[in-house]
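Data first, discussion second: the structure below is written as structure tokens.
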Amino acid sequence: MQFDPKSEQLQAVTQKSKSLWDGTTAVVAMGDLLTLAAFSLFPPITNTLVGSFSTEREALAACKDKQPDLLYVTECLEQGYGIPLAVKVKAVSPNTRVLLLLHRENQEVVRDALDAHIDGIAFVSSIGQGFDGDFFKSLEAMADGNTYYPKKVRETAGFKKGLILNELSSRETEVLEALCQGMSNKEIAEVMVVSTETIKSHVSTIISKLGVKDRTQAVIACIRAGI
């Protein structure tokens with residue numbers, strides 16, 4: 001795939017990405033130093049950056065100290081691993097949302113990420129695909145406080161249909177499927193032609209019925225159910 005940093009599409013994505021995270025802070029943790037440097041110099045990232053690190057220990061200390069809004073992390077670090085780091089960061093900085101950028105598109109890694117209740121996943125192969133790519137869509141979804149597990153990630157997880165969410169009504173199941181796609185409450189309300197408050201009520205009921213603590217865990221339950 002050709003990567004053209006001067007393409008009109010990429011320039012448009014760059015501008016919109018800046019507005020998504022205005023006023024927020026971020027930490028980047030990646031094991032490959034060249035990737036770490038290139039990612040950190042990407043304007044939308046640079047403008048929010050409070051630290052770039054190649055090791056789990058350094059990134060964890062920064063997240064504990066800075067309490068960033070977002071942690072970008074790859075699965076492999078120079079020392080340590082990205083998925084365990086995400087779990088530790090949630091313990092010391094509960095409001096930090098984690099976007100995991102995966103190089104390996106395999107079932108084991110994706111399932112480990114699900115177990116860690118990571119907020120969003122995008123395969124590295126999606127970077128550079130513009131507005132239609134999972135990387136931008138994950139940023140857009142998480143900027144609205146949503147979870148993002150794209151179709152390719154859900155398919156890689158490999159869960160078969162079988163666990164039926166009997167407790168949910170058909171309407172609640174529909175809302176849960178929309179959450180899996182990274183849609184905001186407002187977007188779901190527009191599609192279903194109901195109020196945002198109605199969707200908020202559905203989401204609260206879904207979380208309660210599934211016995212999970214938030215929408216991220218609700219989405220993960222949905223993926224595990226093969227929906």
Side-chain angles (χ1 to χ4, degrees), residues 20 69-73 75 82-87 89-91 93-102 105-123 126 132-192 194 196-227:
L20 285 176
D69 298 294
L70 183 65
L71 167 67
Y72 301 96
V73 62
E75 73 269 34
I83 295 175
L85 170 61
V87 176
V89 166
K90 289 291 186 180
S93 183
N95 293 325
T96 298
R97 298 176 63 74
V98 180
L99 176 58
L100 177 66
L101 299 170
L102 289 177
E105 300 179 14
N106 67 51
Q107 188 177 97
E108 181 181 1
V109 176
V110 170
R111 289 190 174 188
D112 284 346
L114 290 169
D115 290 339
H117 298 152
I118 286 172
D119 301 287
I121 297 178
F123 289 131
S126 72
D132 295 327
D134 288 326
F135 176 64
F136 177 77
K137 288 182 178 179
S138 65
L139 289 181
E140 192 172 40
M142 294 176 67
D144 283 335
N146 303 314
T147 300
Y148 192 75
Y149 282 85
K151 182 178 180 180
K152 189 174 181 181
V153 167
R154 300 198 304 271
E155 290 175 345
T156 303
F159 291 107
K160 303 298 182 182
K161 288 186 178 180
L163 175 60
I164 301 174
L165 303 178
N166 290 319
E167 296 297 321
L168 301 185
S169 68
S170 59
R171 197 63 160 171
E172 289 162 356
T173 300
E174 191 177 353
V175 171
L176 183 54
E177 290 172 347
L179 292 179
C180 278
Q181 298 170 31
M183 294 175 67
S184 67
N185 289 349
K186 181 180 178 181
E187 290 170 332
I188 300 171
E190 289 173 352
V191 170
M192 295 186 174
V194 296
T196 304
E197 290 303 315
T198 297
I199 299 302
K200 285 183 180 179
S201 178
H202 281 316
V203 172
S204 295
T205 301
I206 289 167
I207 290 171
S208 177
K209 285 185 176 181
L210 295 181
V212 296
K213 71 174 186 177
D214 55 30
R215 58 199 294 151
T216 295
Q217 291 189 14
V219 166
I220 291 170
C222 178
I223 295 171
R224 290 187 179 282
I227 296 178

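Owing to the predicted nature of the structure, the values given are computational and were not obtained by experimental measurement.
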Criterion side-chain contact (heavy atoms from CB on, under 4.5 Å) on Val212 and His117, from CA distance to verdict: CA-CA 11 Å; Val212 296; His117 298 152; over 6 Å; no
Rounded distance [0.5 Å steps], CG in Leu179 versus OG in Ser184: 9.5 Å
Evaluation steps, side-chain contact (heavy atoms from CB on, under 4.5 Å), between Tyr149 and Ile118: CA-CA 9 Å; Tyr149 282 85; Ile118 286 172; 4.1 Å; yes
Spacing of CZ belonging to Arg171 relative to CD1 belonging to Ile206, to within rounding of 0.5 Å: 11.0 Å
Over all atoms of both residues, closest heavy-atom pair of Lys213 and Ile207: C-CG2, 3.9 Å
Residue pair Lys209, Leu176: steps toward the side-chain contact (heavy atoms from CB on, under 4.5 Å) verdict: CA-CA 12 Å; Lys209 285 185 176 181; Leu176 183 54; over 6 Å; no
Asp119 side chain to Thr216 side chain, donor-acceptor N/O pair below 3.5 angstrom: yes
For the student: nearest non-hydrogen atoms of Ala122 and Leu99, plus distance: N-CD1, 4.3 Å
Val89/Val73 under side-chain contact (heavy atoms from CB on, under 4.5 Å): CA gap, chis, key distance, verdict: CA-CA 11 Å; Val89 166; Val73 62; over 6 Å; no
Contact summary for Met183 and Ile188, nearest pair of heavy atoms: CB-CG1, 3.8 Å
Interatomic distance, Ile83 atom CD1 to Asp115 atom CG [nearest 0.5 angstrom]: 9.0 Å
Donor-acceptor contact present, side-chain Arg97 to main-chain Leu70, <3.5 Å: no
CG on Leu100 to CG on Leu114, rounded to 0.5 Å: 10.0 Å
Approximate separation, where rounding is to 0.5 Å, of Thr205 OG1 and Leu210 CG: 10.5 Å
Nearest atoms (heavy-atom pairs only) where Thr196 meets Lys186: OG1-CA, 4.2 Å
Inter-residue atom distance Leu102.CG - Phe123.CZ, 0.5 Å rounding: 6.0 Å
With Glu187 via salt bridge (charged side-chain N to carboxylate O under 4.0 Å, His left out) - residues at least two apart: none
Flag, side chain of Ser208 to backbone of Ser204, donor-acceptor distance under 3.5 Å: no
